[in-house]
Amino acid sequence: MNLNFHRTFIILPLLLIGLAQGCSTTSGSASGISNLVIAEPMAINPQSELALARLSEILQRVEVTEEQRAKLFYDRGVIFDSVGLRSLASFDFQRALRIRPDLVDAYNFMGIHHTQRQEFNLAYEAFDSAIELEPDHQYAYLNRGIALYYGGRPEMAVKDIEKFQLQEQYDPYRMAWLYLVEYEIDPQAAQQHLQDNYDSLPHNSWANNILRLFLGEMTEGEFIDELTLGVTSNKELTDRLCEGYFYLGKYNLINDLPNNSANYFKLALSTNVYEFIEHRYAKLELDILTSKFAQPISESEVEDSPSDEQ
């Protein structure tokens, strides 16, 4: 065990979390979600701060070629993005692309940022540019698929997510995203396809629990109980919780429990794991929920969560 390891987590009642965050919760919440693991949020890496300072100084004071300047803007944008300063990151990516319109990864980042702002047409254009420049850029397919999914075009999204999933067909995260998109088209067929994918897995990893949760083979409480299994550092814990709480949010949406879902998305955001796809889209999920439910949802409008006895 790492001697520097300090697993910082607190068990809090969901009701307290809901009150603290201004969101009502189900009065009859099951025991499975009454206790949650809360990690110490990830702090900004001092090395990232130093790198930002150095890159900014180089851009202001050092004579560089235009190609070098574009790369410096891109590199600084990546660091801004990694610490959650996405407006500054987008600004740098735009400046990099003005100098070098062939920076594939800059288009990919811009597409992600447009998706997060629900600027879907601009997102599609950015991902299309990335794929046109690099047809095998698998993450551009993933991110375009996600943009199409949130943009209300699941039939088109499936093609991109399938292409992405086949690159690493035994990756449970890729299977989970394919399921979420297919669920929007045909829930029953999506469930069967997920079962087939799960049955094909040649390994047993923590991420397999995400699939078990969606398949109903694991309760919400069991899923939470196993969130800390195998964790050996606070970094691993925050990473795990960011992922786990996002998928719990999606699970609760599928089960028509928007209040619980909102709480989980907030918990995913609280980890500050800005680079994770789950963190990126937890805020978008909350924005969508806010738009859908302009007025606070009363307890009477939310059914009890699935209990551990199910």
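Closest of all the heavy-atom pairs between Gly244 and Leu227 is CA-CD2, 4.0 Å. The heavy-atom pair separating Tyr245 from Ala268 by the smallest distance is CB-N, 3.9 Å. The minimum heavy-atom distance linking Ile112 with Phe127 is given by the pair N-CZ, 3.3 Å. Across all non-hydrogen atoms, the minimal contact from Tyr139 to Arg174 is OH-NH2, 3.7 Å.
Aromatic ring pairs are classed by plane angle as parallel below 30°, tilted from 30° to 60° and perpendicular above 60°; the pair Tyr150 and Trp177 is perpendicular. Aromatic ring pairs are classed by plane angle as parallel below 30°, tilted from 30° to 60° and perpendicular above 60°; the pair Tyr274 and His279 is perpendicular.
Taking the salt bridge (charged side-chain N to carboxylate O under 4.0 Å, His left out) definition, one finds that Lys283 meets it with Asp287, sequence neighbours left out. The side-chain contact (heavy atoms from CB on, under 4.5 Å) test applied to Ile185 returns Pro154, Glu155, Val158, not counting sequence neighbours. For the side-chain contact (heavy atoms from CB on, under 4.5 Å) test, residues two or more places apart in sequence or in another chain that qualify with Ser205 are Pro172, His203, Ala207, Asn208. Listed by chain and number, the residues in a ring pair (Phe, Tyr, Trp, His ring centres under 6.0 Å) with Tyr179 are Tyr183, Phe214 (sequence neighbours excluded). With sequence neighbours excluded, no residue forms a salt bridge (charged side-chain N to carboxylate O under 4.0 Å, His left out) with Arg98. A search for salt bridge (charged side-chain N to carboxylate O under 4.0 Å, His left out) contacts involving Asp160 returns Arg144, not counting sequence neighbours. Every residue was checked against the ring pair (Phe, Tyr, Trp, His ring centres under 6.0 Å) condition with Tyr173, not counting sequence neighbours, and none meets it. By the ring pair (Phe, Tyr, Trp, His ring centres under 6.0 Å) test, Tyr141 pairs with no residue at all, sequence neighbours left out. The side-chain contact (heavy atoms from CB on, under 4.5 Å) search around Ala157 returns Leu148, Tyr149, Val181, not counting sequence neighbours.
Residue Met156 is grouped with residue Phe120 when hydrophobic side chains (ILVMFWY) are merged at heavy-atom distances under 4.5 angstrom, including chains of intermediate members. One hydrophobic cluster, built from ILVMFWY side chains closer than 4.5 Å, holds both Val83 and Leu88. Neither Leu50 nor Ile58 shares a network with the other; the hydrophobic side chains, linked directly or stepwise wherever heavy atoms of I, L, V, M, F, W or Y lie under 4.5 Å apart, form separate groups for each. In terms of hydrophobic clustering, with Ile, Leu, Val, Met, Phe, Trp and Tyr side chains grouped at heavy-atom distances under 4.5 Å, Phe73 and Phe91 are assigned to different clusters. Tyr247 and Met175 fall within the same hydrophobic cluster, defined by Ile, Leu, Val, Met, Phe, Trp and Tyr side-chain heavy atoms under 4.5 Å apart, directly or through other members.
Arg76 and Ser56 share a donor-acceptor pair across their side chains, judged by distance under 3.5 Å alone. Between the side chains of Gln68 and Thr65, at least one donor N or O lies within less than 3.5 Å of an accepting N or O. Between the side chains of His137 and Asp105, at least one donor-acceptor pair of N or O atoms lies under 3.5 Å.
One finds the CG atom of Leu178 at 14.5 Å from the NZ atom of Lys163 (value rounded to the nearest 0.5 Å). Tyr251 OH to Ser261 OG: the interatomic distance, rounded to the nearest 0.5 Å, is 12.0 Å. To the nearest 0.5 angstrom, Leu194 atom CG is 11.5 Å from Arg212 atom CZ. If you take OG on Ser90 and CG on Leu85, they are separated by 11.0 Å, rounding to the nearest 0.5 Å. The structure places NE2 of His113 at 5.5 Å from CD of Gln116, a figure rounded to the nearest 0.5 Å. Residue Leu103 holds its CG atom at 12.0 Å from CG of Asn108, rounded to the nearest 0.5 Å.
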| task | Determine, stepwise, if the pair Asp171 / Gln165 fulfils side chain to side chain contact (heavy atoms under 4.5 Å, CB included). | result | CA-CA 7 Å; Asp171 180 355; Gln165 192 255 329; over 6 Å; no

| task | Give the intermediate values and the outcome of side chain to side chain contact (heavy atoms under 4.5 Å, CB included) for residues Ile277 and Ile146. | result | CA-CA 10 Å; Ile277 189 172; Ile146 291 174; 3.1 Å; yes

| request: Report the C-alpha separation of Lys250 and Glu285 in whole Å, then their side-chain angles, then the decisive distance to 0.1 Å, and conclude whether the salt bridge (Lys or Arg N to Asp or Glu O under 4.0 Å) test is met. | output: CA-CA 9 Å; Lys250 296 298 290 182; Glu285 293 282 357; 2.7 Å; yes

| Should Asn121 and His114 be marked as a side-chain hydrogen bond (donor to acceptor under 3.5 Å, both in side chains) after you check the CA-CA gap, both sets of side-chain angles, and the distance that decides it? | CA-CA 8 Å; Asn121 288 333; His114 285 309; over 6 Å; no

| request: Give the intermediate values and the outcome of side chain to side chain contact (heavy atoms under 4.5 Å, CB included) for residues Leu201 and Leu211. | output: CA-CA 11 Å; Leu201 287 173; Leu211 309 186; 3.8 Å; yes

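A donor-acceptor pair is defined here as one N or O able to donate and one able to accept, closer than 3.5 Å; such a pair exists between the side chain of Ser270 and the backbone of Leu267. A distance-only check finds a donor-acceptor pair linking the side chain of Thr238 to the backbone of Lys235 [under 3.5 Å]. Side chain of Glu134 to backbone of Ile131: no donor-acceptor contact under 3.5 angstrom is found. Side-chain atoms of Tyr107 never come within 3.5 Å of backbone atoms of Glu125 as a donor-acceptor pair (strictly under, hydrogens ignored).
Within 6.0 Å of atom CD in Glu132, 12 or fewer heavy atoms from other residues, nucleotides or ligands are found, so the atom counts as exposed in its surroundings.
Each salt bridge (charged side-chain N to carboxylate O under 4.0 Å, His left out) pair with one or both residues in residues 112-123, not counting sequence neighbours, appears once here: Arg117-Glu119. The salt bridge (charged side-chain N to carboxylate O under 4.0 Å, His left out) pairs that include a residue from residues 180-200 number zero, where partners must be two or more places apart or lie in different chains. Here salt bridge (charged side-chain N to carboxylate O under 4.0 Å, His left out) pairs that include residues 272-281, with residues two or more places apart or in two chains, are Asp81-Arg280.
The pair Glu66-Arg100 fails the salt-bridge criterion, with no side-chain N (NZ, NE, NH1 or NH2) lying under 4.0 Å from an Asp/Glu carboxylate O.
The six-membered or imidazole ring of Phe246 lies near that of Phe265, with a centre-to-centre distance under 6.0 Å.
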